[in-house]
Each structure stands twice: as structure tokens, then as C-alpha cells.
Amino acid sequence: MEMSGMLVFPFKKPITLKKRMSPKPQARTPMDKATVKLTELEAGKPARVCKLQGSSVLMGKLKSMGIIPGTLIIKKSAIPAKGPVVVEKGATQFAVGFDMAENIVVEPVKKKALPQK
Amino acid sequence: MKKIVLAGNPNVGKSLIFSRITRIGIPTANYAGTTVDMKAGKCRFRDHEYEIIDGPGIYSLEKFSKTDEIALSLIQDADIIIDVIDSTNLERNLNLTLQLLEMKKPMVICLNFWEDTVHKGIAINAPALEKRLGVPVIPVSALQCDGIAELLASLERAGTGTAIPDESDRWNIIGEIVSSVQKLTHRHHTVLERISDFTLHPVGGLATAIVVLFLTLLIVRFLGEGLIHYVFEPFYTRLYNPFIQQMVRMIPLPFFRNLLAGNTPDPLQSFGILTSGIYIALVSVFPYFFSFYLVFGFLEDFGYLPRLAVVLDNFFHKLGLHGYSSIPVMLGLGCKVPAFMATRSLTNKREKILTMVLIFMSAPCLSQSAMIVSLGMNYGVATVISIYVILIVLALGMNWAMNRVYKKEASPDFFTEFPACRMPSVKLMADKLRIRIVEYFSEVLPMIAIGVLSMNILSSIGVLRVVTDIIKWPARNLLGLPPEIAPIVLLNCLRKDASVALLVPLKLSAQQFIIACVFLTLSTPCVASFFTMIKELGAKLALKIIGLILLVAIVATTILHFIFILF
């Protein structure tokens with residue numbers, strides 16, 4: 001919960017755009033954590049959940065499945081044309097609708113265990 | 001007698017454990033939300049007698065939908081809780097476990113899917129977990145029937161568990177517990193996981209959906225036709241019918257003879273209970289019923305349905321719905337009753353109503369479809385296709401309009417968990433198919449018998465003539481159908497397959513057949529789905545919707561009739 005307070009919203013669009021176009025982000029210090037919406041995260045990339053926005057009841061459902069700030073998730077895929085986003089957390093896989101995914105703010109992480117291409 | 005409630009996340013196998021304990025067969029499937037109702041059964045174990053209760057699954061003790069409400073009230077009333085956990089997903093399941101422990105009710109924990117942990121590279125130290133939580137923890141493999149006796153034995157030791165600190169810290173505690181009792185070993189992706197990934201891929205998912213839908217239609221059609229031509233039709237004409245005719249000849253009263261065997265040898269024209277009734281149920285409908293639920297059961301148990309729901313989410317958005325509505329709609333291709341019940345897992349009333357309208361209007365139920373296809377093919381495939389196209393266009397139009405007009409509610413977004421893809425167990429699939437077949441035959445024959453009997457009575461006391469007189473004018477002038485449609489419309493309220501079969505003696509033209517089938521599909525629900533609708537929505541709302549759809553049916557078929565006249 002504390003973590004979310006550190007982040008500044010609304011986040012800047014240029015950062016998110018850059019993220020999408022260039023897969024190699026520049027080295028970042030912990031100070032300038034770039035956050036993106038879950039919808040903007042590249043498919044197949046791991047990320048850490050920063051904040052759940054909105055007051056939708058289903059945000060409560062997300063929380064009941066352990067999707068809380070600080071959790072590591074992987075965006076498995078996204079159905080095009082504003083379709084649902086498929087997310088993996090541990091052994092659980094689930095899909096959230098596009099509008100809901102817009103309200104999940106994540107910070108992309110480099111998976112250390114992941115071998116570099 | 002102690003009340004034992006099976007509680008746990010959706011799709012952890014509660015219903016199968018219930019079946020194993022009580023020996024009561026209930027349908028199981030591999031997706032969240034298969035069980036939407038409460039099921040109770042009894043069991044004796046050693047000197048104890050227990051009442052076992054199965055309910056819908058929940059992720060936490062909060063209410064999000066009607067099914068959550070049902071589950072929560074069951075847990076409240078429990079004497080002992082069996083918390084069923086999916087061993088392959090300990091972390092997520094423990095969230096509910098800890099919340100249940102806070103209720104301070106006697107509890108045991110059942111680690112289901114134990115057999116899957118081995119090849120998934122998961123090692124759970126059950127005794128350590130038992131020690132940590134302070135309640136019995138029993139590894140169970142419901143599929144293989146392993147551990148059920150141990151689970152029942154542990155009920156005597158059910159405890160209220162050790163104190164768990166408050167909720168703000170819950171996920172940290174879960175993390176700590178999981179890391180202390182569970183060891184993961186690295187392993188490679190299995191074929192099933194690759195398939196799973198493919199079905200969720202943006203392009204792969206769509207491709208799979210198209211292939212699956214196409215294959216389903218193909219298999220249902222060819223298997224169904226094959227069964228009719230090589231098994232059921234020969235059985236009926238060579239064995240059953242001669243036998244029945246001989247038996248009936250021994251009945252002295254002509255009234256009863258006609259009632260049982262009709263007065264012509266053609267099974268689709270005579271309308272005797274034992275001839276037409278059996279012919280419709282067994283020869284015309286059952287082969288398709290069998291093939292459909294064979295394929296559908298496989299898809300259910302494989303875990304494909306939620307994956308299809310994701311691909312269809314965009315499309316359902318246009319109708320003001322979410323992808324998860326696609327599961328009830330698909331169930332509705334079989335029978336409307338379980339489909340209407342499945343709408344319970346949807347979160348709000350608006351979504352429920354829109355989905356029900358779509359279930360009702362988009363396609364006839366399987367029994368009726370079987371009759372429409374087998375009779376419609378006499379007019380050519382174009383006739384059959386037009387009926388379905390007209391129905392789908394009407395259903396989508398209706399949903400689109402209702403979505404526009406109906407006051408928007410804060411619509412919660414799409415959310416669904418994916419079950420792991422599994423190779424379905426042949427035994428479970430066979431069990432489920434058997435349950436569905438038994439249900440089908442126990443309903444279809446009495447309904448057709450009641451229908452034929454009441455038609456005969458109504459006709460002999462002259463009610464039918466009055467009704468026919470009333471319907472005659474609108475039937476002829478608006479729909480272009482002969483007045484004999486009147487009794488068929490009445491029978492339609494009982495069984496929709498039987499009513500379509502009754503169209504045969506009317507010798508309709510192809511255009512009239514299209515109009516009649518569209519009208520019979522939409523005008524009224526069958527009695528079973530009518531009462532399900534009332535149960536789900538309340539009488540007032542259900543009647544409103546049925547009335548509205550009836551109006552649409554009349555207007556649409558009238559327009560259709562005039563289009564046919566003009567062109």
C-alpha cells in the first residue's frame with residue numbers, strides 16, 4: 001500500500017510510448033521507476049503490480065486472488081482490439097477485461113532468471 | 001447429524017469429491033463456476049452419519065455474485081468445513097483457507113489434485129502444513145478415488161486451527177507458509193501447457209476458436225446422422241415398431257389404442273405416445289443429443305470454454321456483455337435450463353437479463369434443432385440455414401436494442417480464471433454423459449405423453465376448436481400458416497421438439513416451414529425453461545421478457561411473411 005503513494009499519477013504518456021516502441025529500455029535508477037498500464041505492457045513481459053485504480057467491485061476480486069501491489073505477474077498475451085489481457089501469477093492464469101487492465105498500473109521488471117536473447 | 005460443507009475456490013474439484021463421498025452423480029467440468037447451486041447428500045462413515053453439502057466456489061468471503069451469496073450462506077450454516085484446495089495452486093487457495101480459519105469453525109483441509117503435483121514438480125509437506133495451520137490436512141486425489149476415506153476419518157479431528165493475524169498481513173503470511181511447506185522443481189513445458197498458451201495467443205486463439213466450432217458442428221452432424229441411419233432408425237423400424245404394433249393390437253379400446261400408437265404407421269404423423277413419442281425422443285433427437293454432449297463434455301473437461309470466452313469477449317462487448325456470457329450461451333445450444341441457471345455466476349442483473357435473452361433467442365435448444373434440421377433437410381439446406389440466420393439476426397438485433405434502451409448499470413469488467421488444460425478422464429466424461437442422458441429421457445417421455453394426452457382431451461372437449469378459431473385469423477393473415485398450427489403452438493409450451501415434429505402432417509411449403517420454425521422457437525419457452533426463468537429472475541421480470549420476445553416473434557414472422565409474399 002505504501003508503494004503506491006510514491007508513484008506520480010497521471011504518468012507521462014511519452015514514457016509509456018517509448019516503452020512500447022523500443023524493447024530495450026535504458027538503464028534506470030530506482031528513482032525513476034517507469035510505470036505503465038497493464039494494457040501497455042508488452043506481451044510476454046514480467047512486471048510488478050504498483051497500483052490498482054478504480055473502484056470496480058472486481059478490483060476486490062483481483063485482491064482476493066492475490067493481485068496486490070508488490071506482486072510479480074507476467075502478461076501472457078492480449079487479445080487485439082481492446083480485448084482482454086491474459087495474466088499469469090504463479091500457478092494461476094486469468095484474464096481481465098481491457099477496461100480493468102487499464103486500471104492496473106505495473107512497473108516492468110527484468111526477470112533475472114530469464115536468459116537474455 | 002453433522003452438516004459438512006465443501007468450501008473452496010472455484011474449479012478445485014469440490015463436486016467430484018461430493019460425488020465420491022455421497023455416490024450421487026452430479027455434473028463436473030473443468031471451469032470455474034460449474035456448480036451454481038447447492039447439492040446435499042448423506043454418508044455414513046464408521047459410526048457417524050454426515051450430511052455432505054456442495055456449493056459454488058468462491059475466492060474470498062466477499063460477495064460478488066449470486067453464486068457467492070449461496071456459497072457464503074452454506075458456509076455460515078456448516079458444522080464442519082472441508083476446505084478443498086487445488087494442490088497445484090497452493091498460494092492462491094490459502095487466501096480463502098486463512099479467511100475460513102478466522103471463522104473459528106471446525107475445519108479440515110483437503111489437498112485435491114494430489115496426483116498432479118508430482119508431474120508438475122511440486123512437493124508439498126502436508127504434515128508441516130497441518131502443524132502450521134492446526135487443522136488436519138489430507139492429500140486427496142478425487143479423480144483416482146484416493147484419500148477419500150482418510151478425509152472422512154479426519155472429520156473427527158476437525159479443529160478450529162491456530163490463530164492467524166488480521167487480514168492486512170494475509171498475503172505475507174501466505175507467502176511465508178507456502179515457502180516453508182512447498183518445494184518447486186524446474187520442469188519443462190508440457191504439451192498441454194503449449195496448447196493452453198496457443199489458445200490464449202491473439203491469433204492462435206481465434207484460429208483455435210474457428211477450428212473448434214467447425215469441428216464441433218461437423219462431429220455432431222456426422223456422428224448424429226450415422227447413429228440415426230445405422231443404429232436407431234433400423235432399431236425402431238425393424239424391432240421396436242413391429243413389437244409395439246403387435247402389443248397395441250391386443251388393447252380392445254380404440255381410444256387407448258390411438259393414444260398409444262396413433263392411427264397411421266408413419267411415426268411422425270401418427271402422434272401416438274409409444275410410436276411418435278419414442279420416435280422423436282429416441283430416433284430424431286437422441287443421436288444428436290448424444291453427439292453434442294459428447295463433444296461439449298470433452299471441451300468442458302479439457303478446460304477450453306473459458307479460453308473461448310476470452311476470444312469472444314470483444315464480440316460480446318458490442319452486445320453490452322462480457323466474454324463470460326458465452327459459456328451460458330453455449331450451454332443454451334444444448335438445453336436452456338442449465339444455461340439459464342449458469343447466468344447466476346454473472347455479476348449483475350442487467351447482464352443476466354441480456355444473456356438470458358440471447359440464450360433464448362439465438363438458437364433453438366438441441367432437441368428442437370434436431371427436429372428442425374431433420375425435417376428442414378427435406379426442403380434443402382438453404383431452408384435450414386435461413387432459419388438459423390434469421391434467429392441469430394433477431395437475437396443480435398434484440399440484444400443490441402436492449403443494450404441501448406436498458407438503463408446501464410455499473411458494469412463490472414470481464415474477469416475469468418483459466419483452469420489448467422487437462423486430458424479429460426474417459427470415466428468422468430462417461431459419468432457426465434450418463435447423467436445428462438438420464439435427465440433427458442426422464443423428462444422427454446413424460447412431457448410428450450402429457451402433451452399428446454392433453455391434446456387429445458382438449459380436442460375431445462372442444463377447447464381445441466375454440467383456440468383454433470381464435471388463432472385462425474392471425475395465423476393465416478399475419479403468418480401465412482394454416483389454422484392447424486394452433487394445437488402445435490400449445491404443445492410448444494411443453495416440448496419444443498414434439499411441436500416441430502407435429503408440423504409434418506401440415507405439409508407446409510419451405511417458406512411456411514421457415515416462418516413456423518422461427519415462430520415456434522421464439523414464441524414461448526418450454527415448461528422446464530419457463531420455470532427456470534421464473535426462479536432466476538422472479539415471475540414479473542420473467543413474464544415481461546417472455547412477453548417481449550413473443551411480441552418480437554409475432555412481428556418478425558409477420559414481416560417475414562410479407563417479405564415472402566413480395567418476393
If you define the side chain from C-beta out and look only at heavy atoms, does anything of A:Thr92 sit under 4.5 Å from B:Glu417? yes
Segment of B:Thr88 engaging chain A (4.5 angstrom heavy-atom cut-off): backbone
Any side-chain heavy atom of B:Asn95 sitting closer than 4.5 Å to one from A:Met65? no
Are B:His322 and A:Pro84 packed together at the side-chain level, in the sense that at least one heavy-atom pair is separated by less than 4.5 angstrom? no
Go through the atoms of B:Asn9 and report whether side chain, backbone, both or neither lie under 4.5 Å from a heavy atom of chain A. neither
Against chain A, work out which of B:Val203, B:Leu90, B:Asn93, B:Asp197 has the most heavy-atom pairs shorter than 4.5 Å and name it. B:Asp197
Could you look at A:Ala95 and say if it's the side chain, the backbone, both or neither that has a heavy atom under 4.5 Å from chain B? both
Can a donor-acceptor pair be found, under 3.5 Å and without considering hydrogens, that links the side chain of B:Asp313 to the backbone of A:Gly83? no
Ignoring hydrogens and angles, tell me if any N or O in the side chain of A:Ser77 forms a donor-acceptor pair with the backbone of B:Leu200 under 3.5 Å. yes
Could you tell me which portion of B:Asn89 (side chain, backbone, both or neither) has an atom closer than 4.5 angstrom to a non-hydrogen atom of chain A? both
Straight-line distance of B:Cys421 SG to A:Gln93 CD, nearest 0.5 Å: 8.5 Å
Heavy-atom side-chain contact between A:Lys89 and B:Glu91 under 4.5 Å: yes
Does any pair with a residue in residues 63-103 of chain A pass ring-ring contact (aromatic ring centres under 6.0 Å, His included), and if so which ones, sequence neighbours excluded? A:Phe94-B:Phe415
Using modelled atom types only, decide if a donor and an acceptor are shared between the side chain of B:Asn314 and the backbone of A:Pro80 within a distance under 3.5 Å. yes
Give the intermediate values and the outcome of side-chain contact (heavy atoms from CB on, under 4.5 Å) for residues B:Arg92 and A:Ser64. CA-CA 8 Å; B:Arg92 197 204 63 214; A:Ser64 73; over 6 Å; no
